[in-house]
Asker: 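Okay, here's the structure, questions in a sec.
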Amino acid sequence: MHHRLASSSRRGFLYVTLAGIAWGTGGPTGALLFDHAALGSTAVSFWRLAAAALWLALARLVLRRAPIRPLLAASPVRYLLTGLGLAVCQLGYFAAIPQVGVAVATVVALGAGPFFIALGARERITPALLAAVAGLALLVPSAGAGSAALLGIAFALLSAAGYALTTLLNRNEPDPISGAFLGFVAGAALLLPLATIDGIIPTAPGWPLIAYFGLVPTALAYTLFYASLTTLRASTAAVIALIEPVVATALGLLLFHEHLTTLSLVGAAVLLAAVVQHARRE
C-alpha cells in the first residue's frame, strides 16, 4: 500500500512539475500575441480557452472518451464556476502584464494562489507556503511605484483568486481531460461577449501563437495539473507549480529584456527554495 501511495505521489509531482513548465511559457506567448496579433487582453483570454477546448475536444475524440453529457448533467454548476474561475484568472493575468510585465504578473498571480487555495481548503499554512509569499513580497517592488504598478498587482491578485477557485473545484476530478474541456468551454463562452467589443479576429501571425497557446500552456498544463490533484493536496500542487515564475521570468528576461533588481532575484530564489521544501515535506 505504501509503495502504491509513494508511486502515485511521484506521478503527481511529475504532472504538476510539467504543468508548471508548460504554464511558464504562457505569459511570453500572451505578450507575443499582444505585439503581433492585434488583440486585447480579453480577446487573448478568449482565444486561449477556446483553442484549448478545441484541442481537448480532439483529444477526447482520439481517446474515445465517454459522452460528455452525463458528466455535465451531474455537476453543471461546478463546471460553470470552473469556467468563471478560468475566465477571471485569464482576464486578471493578461490585464496585469501591460502594467507590470510578464515576470511580475506571473509571480504575483501564481504566488498568491497557494495562499488563497490553502485558505479555501482549510489547510495548514506551512512555513514553505509563507516562504513563497515572502519571495513574492520581494519580487513585487520590481514592478516600480505608481498607480500602474498597483493596478497591475491588483489584477494579478484577481487572477490568483480565479486560479484558486478552479483548483479547489477540480480536486479529485475523475476525468481531468473532460473536466478541463468543460471548464474551457464555459470560460470561453463567458468571455466571448466581452472579447467581441474590442475586436476578436487576430492578424495572420497570431493564429500559430493561438494554436500553441491553447495546446501547451493551457490544454496540456491544466489537464496535467488537474490530474496531479488526484494524488496531491491542492495547496501542495499549487506551491510546486510555482516553478512557473522561474520559467516565465527567464523567458521575460531573454525575450523581452525585462529588468529585475537584485531584490527581485532574491525573491525568485526564495520562491524556488520554498517549492523544493514543500515537495520534500510531502
Asker: Got a second to check how far Leu86's CG is from Arg48's CZ, nearest 0.5 Å?
Answerer: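 So the CG of Leu86 and the CZ of Arg48 are separated by 9.0 Å.
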
Asker: Between Ile240 and Thr17, is a side chain to side chain contact (heavy atoms under 4.5 Å, CB included) present by the stated rule, with each step listed?
Answerer: CA-CA 7 Å; Ile240 296 172; Thr17 299; 4.1 Å; yes

Asker: Hey, does Thr82 have a side-chain heavy atom less than 4.5 Å from the side chain of Asn170?
Answerer: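 Side chain of Asn170 against side chain of Thr82, heavy atoms only: contact under 4.5 Å found.
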
Asker: Could you tell me whether the side chain of Trp47 reaches within less than 4.5 Å of the side chain of Ile200, counting heavy atoms only?
Answerer: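 Answer yes - side chains close enough.
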
Asker: Can you pull the ring pair (Phe, Tyr, Trp, His ring centres under 6.0 Å) pairs that have at least one residue in residues 109-135, sequence neighbours excluded?
Answerer: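 Passing the test, one end in residues 109-135: no pairs.
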
Asker: With sequence neighbours excluded, what pairs up with Ala180 under the side-chain contact (heavy atoms from CB on, under 4.5 Å) test?
Answerer: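 Result, side-chain contact (heavy atoms from CB on, under 4.5 Å) vs Ala180: Leu56, Phe184, Thr223, Tyr226.
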
Asker: Where do Ala160 and Ala112 come nearest, in terms of heavy atoms and distance?
Answerer: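 Heavy atoms of Ala160 and Ala112 come nearest at CB-CB, 3.9 Å.
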
Asker: A side-chain contact here means heavy atoms from C-beta on lying under 4.5 Å apart; do Pro114 and Ser235 qualify?
Answerer: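 A side-chain contact under 4.5 Å is absent here.
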
Asker: Show your working on side chain to side chain donor-acceptor pair (under 3.5 Å) between Ser41 and Tyr93 and close with a plain yes or no.
Answerer: CA-CA 9 Å; Ser41 60; Tyr93 180 58; over 6 Å; no

Asker: Just to verify, what does Tyr79 make a ring-ring contact (aromatic ring centres under 6.0 Å, His included) with, not counting sequence neighbours?
Answerer: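 With neighbours one apart ignored, the set is empty.
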
Asker: Provide the closest heavy-atom pair for Pro217 versus Trp23 in the form atom of the first, atom of the second, distance.
Answerer: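 Result for this residue pair: O-CD1, 3.1 Å.
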
Asker: Any side-chain heavy-atom pair from Phe155 and Leu91 closer than 4.5 angstrom?
Answerer: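 Result no, sub-4.5 Å side-chain heavy-atom pair not found.
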
Asker: Do Val216 and Leu209 land in one hydrophobic cluster if side-chain heavy atoms of ILVMFWY residues count as linked below 4.5 Å?
Answerer: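 No: no chain of side-chain contacts under 4.5 Å links Val216 to Leu209.
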
Asker: Taking all non-hydrogen atoms of both residues into account, name the closest pair between Ala204 and Pro208 and its distance.
Answerer: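 Looking at all heavy atoms of both residues, the shortest contact is O-CD, 3.6 Å.
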
Asker: Apart from Leu80 itself, what residues make up its hydrophobic cluster, given side-chain heavy atom links below 4.5 Å?
Answerer: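 When side chains under 4.5 Å apart are linked, Leu80 ends up in no cluster with other residues.
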
Asker: If we ignore angles and hydrogens, is there a donor and acceptor under 3.5 Å between the side chains of Thr231 and Tyr15?
Answerer: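 No donor-acceptor contact under 3.5 Å links the two side chains.
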
Asker: Between Leu33 and Trp207, is there a shared hydrophobic cluster once you connect ILVMFWY residues whose side-chain heavy atoms come closer than 4.5 Å?
Answerer: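 Leu33 and Trp207: one cluster.
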
Asker: Among Ile, Leu, Val, Met, Phe, Trp and Tyr joined by side-chain contacts under 4.5 Å, find the other residues sharing a cluster with Leu84 and list them by chain and number.
Answerer: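 Reading the cluster by chain and number, Leu84 sits alongside Val77, Leu81, Val88, Leu158, Leu165, Leu169, Leu190.
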
Asker: What heavy-atom pair brings Pro202 and Ile210 nearest, and what distance separates the two atoms?
Answerer: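 The answer is CG-CD1, 3.7 Å.
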
Asker: Measuring from atom CD1 of Ile117 to atom CG of Leu119, what distance do you get when rounded to the nearest 0.5 angstrom?
Answerer: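 Here the rounded value is 10.0 Å.
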
Asker: Any salt bridge (Lys or Arg N to Asp or Glu O under 4.0 Å) pairs touching residues 167-188, not counting sequence neighbours?
Answerer: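 Checked against salt bridge (Lys or Arg N to Asp or Glu O under 4.0 Å) - neighbours excluded - the pairs reaching residues 167-188 are Arg65-Asp175, Arg78-Glu173.
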
Asker: Are any side-chain N or O atoms of Thr230 and backbone N or O atoms of Ala227, one a donor and one an acceptor, separated by less than 3.5 Å?
Answerer: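 Looks like yes, one N/O pair under 3.5 Å.
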
Asker: Side-chain contact, heavy-atom cut-off 4.5 Å: Ser178 with Arg60?
Answerer: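 Yes, side chains in contact.
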
Asker: For a quick test of reading the model, state the closest non-hydrogen atom pair linking Ala188 to Leu49 and the distance between them.
Answerer: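 It is N-CD1, 3.9 Å.
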
Asker: Would you say Thr42's side chain and Ala195's backbone share a donor-acceptor pair under 3.5 angstrom?
Answerer: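 Side chain of Thr42 to backbone of Ala195, a donor-acceptor pair under 3.5 Å: no, none is there.
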
Asker: Compare all side-chain heavy atoms of Leu224 with those of Val16 and state whether any distance is below 4.5 angstrom.
Answerer: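 No. Closest side-chain heavy atoms not under 4.5 Å.
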
Asker: What closest approach, in Å, do Ala219 and Trp55 show between heavy atoms, and which atom pair accounts for it?
Answerer: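 For Ala219 and Trp55, the tightest heavy-atom pair comes out as CB-CB, 4.2 Å.
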
Asker: With clusters defined by side-chain heavy atoms of hydrophobic residues (ILVMFWY) lying less than 4.5 Å apart, directly or transitively, does Leu72 cluster with Leu63?
Answerer: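 Yes, Leu63 and Leu72 fall within the same hydrophobic cluster.
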
Asker: Taking it one step at a time, do Phe34 and Leu39 satisfy side chain to side chain contact (heavy atoms under 4.5 Å, CB included)?
Answerer: CA-CA 6 Å; Phe34 289 138; Leu39 294 174; 5.7 Å; no

Asker: Output yes when a side-chain donor or acceptor of Thr166 lies under 3.5 Å from a complementary backbone atom of Tyr163, and no otherwise.
Answerer: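 Judged by distance alone, no pair lies under 3.5 Å.
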
Asker: Would you say Thr236's side chain and Leu232's backbone share a donor-acceptor pair under 3.5 angstrom?
Answerer: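 No, the answer is negative, given that no donor and acceptor are paired below the 3.5 Å cut-off.
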
Asker: Let me check something: do Leu54 and Phe181 share a hydrophobic cluster, defined by ILVMFWY side-chain heavy atoms less than 4.5 Å apart, either directly or through other members?
Answerer: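 Looking at the clustering, Phe181 is in a separate group from Leu54.
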
Asker: Is there a path of hydrophobic side-chain contacts, each under 4.5 Å between heavy atoms of I, L, V, M, F, W or Y residues, that connects Ile201 with Phe213?
Answerer: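 Yes, Ile201 connects to Phe213 through the hydrophobic network.
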
